[in-house]
Amino acid sequence: MTVLAEGTGTFLQPDPDAHRRYIRDNKEKGLVSKVMSEAEAVKRFVDDGDYVAYDCNLWVRGPAALMREIVRQKKRELWIAAKFTAHDATMLVAAGCVNRIDVGWMEVGRVITEAQAAGDVQLFEWSNGAMTYRLLAGSLGVPFLPLRYLGGTDVFKTGTKLIEDPYTGNPINVVPALNPDVALVHVNQCDEYGNARIFGAGLQPVETAMAAKKVIISTEEIVSTDEIRKDPQKTRIPYYAVDAVVHVPFGGYPGTVPGLYKAHLEHLMESGAAQMQGKMDEYLDKWVHSVSSNEEMLEKHVGQEKLAVLKAEETIKEGYYE
Amino acid sequence: MTETRTFTDMEQIICTSARLMHADKLYFTAIGGPPLVAVLLAKTLHAPNLAYVVEDGTIAPQVQLPAPMFLIEASGGSYRAASWTDMNTVGFHAGLGYLDYGILAAVQVDEYGNFNSTFVGPAYERPERRFGGPGGANEIASLCWRTILMTRQQGRKFVKKLDFMSSPGFLDGSAGARERAGLPADTGPWRVVTEMAVFDFDEESHRIRLMGLAPWATVDDVVAEMEFEPLVASTLENIEVPGEEELAVLRAQVDPSGRTVRGRWITVELDGESARLVEQEAPAEGA
């Protein structure tokens, strides 16, 4: 196969056989409860230096509680897939957790700009679709997939190759599969084994989970396995892919979980202001380090009354819970 | 009989773009900002059945106005869709050729319609100003049959050389350049819409060509706000200023918060098809 052009940047190298061996040797295939606290899940399944991919973001059904736990446990030198990312990357960089970011789209302000200038974080440019497609390749167990974009642009230079299509003879781009060390996915419902339901349009929860070595699911609600088995079509991620099930109501806070609660705009304004004013340390102290869990954070800094309002204001239920 | 009308540069860009949209086509639009507002304006005013997809996998929603906030109001943005899928699925649909038009905003555009939404400054590692990144723009601009780009008419936006090419136009402009780069055949940028002008692309050279002009602006006004000389069509279409109904719907229904339509104010005196510039605000820093 002729390589016509290739990017020479840095990317996580695909190794499908190593991934298969990891799955063979490490995944729990039995029906075993995986319910644990966010502290235990992150302690057991996120290691310094890991490549972390997550579905959605801090504004929409993202694994916000798990990200805060990563900050709380001071994980270091993580490499993240920032596709369709809000200020998630900002929070993780401000906390010193992340030093490499594959970019699709992310909210960028002074935290990332200054960290990049100081050499504390490296950015590698892809696109939302390309990152999602790399995860698809990872979830299929193949080393790469062809795609018909990225070519000709500066984004190509990171890790895409232009080859001669062995079937048509035309030029075609290929991108490397992405098999993250860890996937974080926040879901609507999940049973104790990890059978997970996700409601609404949504980025790549399935690809992200299936491509990863270790999978942490945070869930708004734990449902019985009996309920799962009565409506199996709704299961998007099967239990054997899942290593930890963390029950975290409002685990997407301050973002919205569509159909369940609204985003907390005052909080988002507070985090935005903290970045503008160079006060991310204070923000992280308040929202992460001064508390030991999501539950305590909600109790101390948000309050049941406000949470009830955020739930009541999310009036659209159609398609999610109706 | 003269009439005075005041609108923002972004209102003109949105109204002009909305007029280019039709109910019998499928649109792949950026998930927020001017592209989505233009689509919603077209749906409200003249094409209620116009269908669009966004990169979170929402297909053909019927959102309630005002336009839901970018990402944060996700249930509003995907309300009453024909289907809720995911990012890969809508990408497949674009790859299959279902999506006629991509609607996107750009930070910098060059003379072949390539564009930048990543950073401006001397080097990737040392940006003067960093933006969100390509997002879904690279795939939209590659896979949709045609792309409509929305941007302000400013010299720093129409540049000889992009600081970074996030997304493809006609690349180096040579025949078959996109195909040689592995992109689908017969695709590419179609219109670039600014507050003063509409551009298309010369079929042979693929260079950007001025083809429409606001009645209050001249060709010189447009060229003065570009780093390079565009081709100019032999006859220029007249771009109507935003109409009273368009502005009323845009301001009162689609974007009553003014979040997206805000910009520099332009006041013109209308006399039939012609219009005279009364005054315009200077561009805001960073706009």
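In the text below, chain A, chain B and the rest are named by the order of the sequence lines, each starting its count at 1.
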Can you tell me if [X] has over 12 outside heavy atoms packed within less than 6.0 Å of its [atom1]?
X         : atom1 : answer
Glu203(B) : CD    : no
Lys306(A) : NZ    : yes
Lys161(B) : NZ    : no
Arg259(B) : CZ    : yes
Tyr124(B) : OH    : yes

At a heavy-atom distance under 4.5 Å, which candidate from [options] has the highest pair count against chain B?
options                                    : value
Thr256(A), Leu135(A), Leu150(A)            : Leu150(A)
Lys262(A), Lys317(A), Glu207(A)            : Glu207(A)
Gln116(A), Met106(A), Glu125(A), Lys157(A) : Glu125(A)
Ala117(A), Pro258(A), Gly129(A), Ala263(A) : Gly129(A)
Asp154(A), Val206(A), Ile163(A)            : Asp154(A)
Gly152(A), Ala201(A), Gly151(A), Ala130(A) : Ala201(A)

Residue part contacting chain B, namely of [X], when any heavy atom lies under 4.5 Å:
X         : value
Asn57(A)  : side chain
Glu107(A) : neither
Arg110(A) : neither

Test item: side-chain donor near acceptor, [X] and [Y], under 3.5 Å:
X         : Y         : answer
Asn114(B) : Thr153(A) : no
Asn170(A) : Glu179(B) : no
Gln204(A) : Asp86(B)  : no

Structural part of [X] lying under 4.5 Å from a heavy atom of chain A:
X         : answer
Phe119(B) : neither
Thr118(B) : both
Arg178(B) : neither
Leu162(B) : neither
Ser83(B)  : neither
Phe115(B) : neither

(request) Please step through side chain to side chain contact (heavy atoms under 4.5 Å, CB included) for the pair Phe92(B) and Tyr133(A), ending with a clear verdict. (result) CA-CA 10 Å; Phe92(B) 302 154; Tyr133(A) 199 69; 3.9 Å; yes

(message) Could you check, using the six-membered ring where one of them is a Trp, whether Tyr320(A) and Trp84(B) have ring centers closer than 6.0 angstrom?
(response) yes

Compare all side-chain heavy atoms of [X] with those of [Y] and state whether any distance is below 4.5 angstrom.
X         : Y         : result
Arg180(B) : Leu162(A) : no
Val60(A)  : Ile72(B)  : no
Asn128(A) : Glu139(B) : yes
Val103(A) : Arg130(B) : yes

Sort out for me which of [options] touches chain A most, counting heavy-atom pairs under 4.5 Å.
options                                 : answer
Phe164(B), Tyr79(B), Phe70(B)           : Phe164(B)
Leu71(B), Asn88(B), Asp56(B), Val90(B)  : Asn88(B)
Gly95(B), Gly77(B), Ser166(B)           : Ser166(B)
Arg80(B), Gln64(B), Met69(B)            : Arg80(B)
Leu143(B), Leu171(B), Leu183(B)         : Leu183(B)
Ala74(B), Ala137(B), Gly57(B), Ala81(B) : Ala74(B)

(message) Please report the interatomic distance OH(Tyr149(A)) to OG(Ser167(B)), rounded to the nearest 0.5 Å.
(response) 11.5 Å

(request) To the nearest 0.5 angstrom, please state how far the CG atom of Leu203(A) sits from the CD atom of Glu55(B). (result) 7.5 Å

(request) Give a yes or no on whether the backbone of Val155(A) and the side-chain of Asn138(B) come within a donor-acceptor separation of less than 3.5 Å. (result) no

(request) Write down the atom of Ser75(B), the atom of Ile316(A), and the distance for their closest heavy-atom approach. (result) O-CD1, 3.6 Å

